[in-house]
Each structure stands twice: as structure tokens, then as C-alpha cells.
Amino acid sequence: PVTAAEVFRFREEYIRNRNLLAWSFANPSNPAEIVDVLIAENLADCRPVKMAVKGRSLPVVSRDDLIRMKSASGRPQDVEDVAALKRLES
């Protein structure tokens with residue numbers, strides 16, 4: 001396991017050498033509970049939306065911003081994700 005502090009400390013290396021755009025943190029007690037933290041995107045221009053999770057309001061990247069970021073990556077999984085996100089819009 002890698003801590004959030006380590007992700008932050010080695011962020012540039014992860015982006016440059018591993019082509020990582022986000023880091024996934026999973027709850028060890030419930031691996032289905034996963035949060036992806038974007039590490040390669042300047043979020044200043046993104047439009048966050050609030051999402052209710054277990055009675056809490058959390059800011060998340062909007063669907064449009066997520067589609068834009070995933071489209072720019074060109075990775076096969078991101079291409080599939082974009083198609084799935086666009087199907088959700090219909």
C-alpha cells in the first residue's frame with residue numbers, strides 16, 4: 001500500500017515514468033469502495049459537482065470534464081470509459 005503523502009511526493013515520477021493520470025485508493029475493509037484521485041490534471045479549470053455519498057456531500061469532477069480528460073489521454077481503457085460516460089448522457 002502507498003500512502004497519500006507518498007503519492008504526492010512521487011507524483012511527477014508516477015506521471016512521467018508510469019504514465020499515471022490518477023491514483024486509486026481502496027478501503028482495505030471493503031475493496032469495492034474505491035476513490036480515484038487525479039494527479040496529472042490541473043483541476044483549477046474544472047467544474048466540480050457535488051455528489052452525496054453515505055450522507056456526505058463530496059466534490060467530484062463533472063462528467064464533461066472527465067470525458068475531456070479521458071479523451072485527451074488516448075489510452076484504450078479511457079476510450080472505453082468515454083464511450084460508457086457518453087451512453088450515460090442519453
Could you walk me through whether Glu33 and Lys54 pass side-chain contact (heavy atoms from CB on, under 4.5 Å), step by step? CA-CA 12 Å; Glu33 293 180 353; Lys54 293 188 176 184; 2.6 Å; yes
Please assess Phe25 against Ile34 for the test side-chain contact (heavy atoms from CB on, under 4.5 Å), listing each intermediate value before the final yes or no. CA-CA 6 Å; Phe25 290 94; Ile34 299 173; over 6 Å; no
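Ile39 is listed as a side-chain neighbour of Val7, based on a closest heavy-atom distance under 4.5 Å. Ile15 has its side chain out of reach of Leu20: every pair of non-hydrogen atoms, C-beta onward, lies at least 4.5 Å apart.
For the pair Ala26 and Pro31, the tightest heavy-atom approach, listed with the atom from each and the gap, is CB-O, 4.3 Å. The minimum heavy-atom distance between Asn42 and Ala44, with the atom names listed, is OD1-N, 2.9 Å.
Cluster membership for Leu21 and Met69, using ILVMFWY side-chain heavy atoms within less than 4.5 angstrom, is not shared. Both Val2 and Val35 belong to a common hydrophobic cluster when Ile, Leu, Val, Met, Phe, Trp and Tyr are linked at side-chain heavy-atom distances under 4.5 angstrom. Linking Ile, Leu, Val, Met, Phe, Trp and Tyr residues whenever their side-chain heavy atoms come within less than 4.5 Å leaves Leu88 and Val53 in two separate clusters. Val49 is not connected to Leu43 by any chain of hydrophobic side-chain contacts under 4.5 Å among Ile, Leu, Val, Met, Phe, Trp and Tyr, and they are in different clusters.
Legend: residues meeting side chain to side chain donor-acceptor pair (under 3.5 Å) with Asp64, ordered by chain and number and at least two apart, are absent.
Evaluation of the side-chain hydrogen bond (donor to acceptor under 3.5 Å, both in side chains) test over residues 5-23, restricted to residues two or more places apart or in two chains, returns Thr3-Glu6. Identified under the side-chain hydrogen bond (donor to acceptor under 3.5 Å, both in side chains) test for residues 66-80, with sequence neighbours left out: Glu41-Arg68, Lys70-Asp78, Lys70-Asp81, Ser73-Asp78, Arg75-Asp78, Gln77-Asp81.
Taking CD1 of Ile67 as the reference point, atom NZ of Lys86 lies at 6.0 Å (rounded to 0.5 Å).
Using a distance-only test at 3.5 Å, with no hydrogens or angles considered, a donor-acceptor pair links the side chain of Asp65 to the main chain of Arg47.
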